[in-house]
Amino acid sequence: MTDKPRKKPEALRSHRWYGVNDLRSFGHRSRTAQMGYDRSDYMGKPVIAIINTWSEINSCHSHFRQRADEVKRGVWQAGGFPIEMPAISLAEPFQKPTTMLYRNLLAMETEELLRSYPADGAVLMGGCDKTTPALVMGALSMNLPAIFVPAGPMLRGDYRGQFLGSGSDTWKYWAELRAGTITEDDWREVEDGIARSPGHCMTMGTASTMCSAAEAMGLTLPGASSIPAPDSRHQQMATLSGKRIVDMVWEDLAIRDVVDARAIHNAVTTVLALGGSTNAIVHLIAMARRAGVALDLPRFDALARKTPVLANVRPSGKYLMEDFYYAGGLRGLLSRLTDLLDLSATTVNANTLGANLAGAQVFNDDVIRPRDQPLVESDGLAVLRGNLAPDGAVIKPAAAERHLLKHTGPAVVFKDYNDMAARVDDPALAVTKDSVLVLQSAGPQGAPGLPEWGQLPIPRKLLQEGVRDMVRISDARMSGTSYGACVLHVAPESHVGGPLALVKDGDLIELDVPARKLTLKVDDAELARRRAAWKPPKPHYTRGFGILYLKHVTQANEGCDFDFLEEGPGKGIGEPEIH
Ligand code: FES
């Protein structure tokens, strides 16, 4: 909570556009009149920018036109003036090479929309994977009052009376199709039934993880992140968020009053207890850095060792987000973690997190496990180090076959994605179930954009032998809906000369998750010889956003933000506004 005095109308940012008596204000008012508004509609009222990531290419946000109207209803009711501002949508399934390449673009767009227009407060509408961190990162840098309206998970998928989970069942049935255990017709039925309503992926993928993290960080109304997108309570939440942001402006409750070290701690703990996506690590580090809060990989690992996984949701568990909501949702889960959370943290409704959890209940102990029956005792995520990943790598142990968590095997190296696609199913590929598949050139610079290529496909001939998991190592990310013994985010990446670039076929690699080790068992003299012979690859871009990205993106362990957007002297917040 803040003890700032209630704002006066003349202190609103928008007053500089509308309230002063000069030629430019005449222009702003006359052009507002052009849109059919009378002065009484907006003068002296908080202007609320609704940053909407709706697009016809984003199936996860297809309800956002209607939700924006519902947000506006709340803004009007509370005495604000809503202005919807579309922003780049980042549609996970469609955007190539990866939405991650554009996360920072949406963050910049969010920040600059809020800076350059007469916004007093912001409603951030996102949900599909990168949209949540991007919107929050941009809003953090601008530091106005802001509330997040999460898209909500879609309904469970349906296939012949069975539930289907986004992503997870795609990978599962794709493997079965390649193994020859289902037909093309079966596969077509999966295609038609797996995504059957608006909303983001309904497994504990990146979208569910990041929307839950935003709620745990205090950025949504209590309970908002778990409501399925088509549920009428989702519409109510949108309207209530619109109402609340107006009061947040009068209270001068800015986003950085909410997102502090306590909020980041709560978000990390929540992600771990959810068995959340490994992608959250990259995004939370980037968000924390925008907020000026220290967060690094060792902190994740330390919290993972003491945080149980309580959400029995795919891909680590059995159920889907719709079940999670009916079981009590995120408030129910957080009510079982109170000793691990900082309950004094502020949230957007001006209550503490602790106050917002009062009365929260769990209605199904199999979906949201009690503390004495966790899905996994600890280690929802694990951070690895070693000569193959001097700056760290991550794995999600709960999503891997347990016997692979301590494994040594010979490397089968693919120099990039195309090489992998061309050779992985070749019957002549020298690979066994004990091999370690290695993918190079899949990191922030190498791919480029740190795509979700980290769940390398199991070679077809091994699938046909019944193999369903192997140790796989890359500098890529993995979809939060994926599973397997996949070591991800190896840093530094191979493209910039990280040791992953030096691995050759047949080298022994040791993965030891309990000891948090990732070791390339090649002696230092040989590695030095290989390093001397290594030549940096050509950059992927020579112009446009691509070259800006390549020049400024940081490594996975640093959050992959642009170096000039992170918090620090002369950066981000604190820039003088030019009016
Ligand atoms: Fe949008 Fe998964 S495709 S959240």
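Atoms within a ligand are numbered from 1 in the order they appear, just like the ligands themselves.
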Backbone N or O of [Y] within a donor-acceptor pair of the [X] side chain at under 3.5 Å?
X: Ser335; Y: Gly332; value: yes
X: Arg256; Y: Asn143; value: no
X: Glu92; Y: Thr99; value: no
X: Arg460; Y: Ile458; value: no

Checklist entry - Short check: any N/O/S atom of Cys201 below 2.8 Å from atom 2 (Fe) of ligand 1? => result yes
Numbered atoms of ligand 1 (with element) below 4.0 Å of [X], judged on heavy atoms:
X: Asp129; answer: 2 (Fe), 4 (S)
X: His200; answer: 4 (S)
X: Ala207; answer: 4 (S)
X: Pro93; answer: 3 (S)
X: Glu92; answer: 3 (S)

Item to check | Aromatic ring proximity, centroids under 6.0 angstrom, Tyr159 and Tyr173 | outcome: yes
Checklist entry - Given the side-chain rings of Phe163 and Tyr319, with only the six-membered ring counted for Trp, is the space between their centroids under 6.0 Å? => result no
Checklist entry - In degrees, rounded to 10 degrees, what angle do Cys60 atom SG and Cys128 atom SG make at atom 1 (Fe) of ligand 1? => result 110°
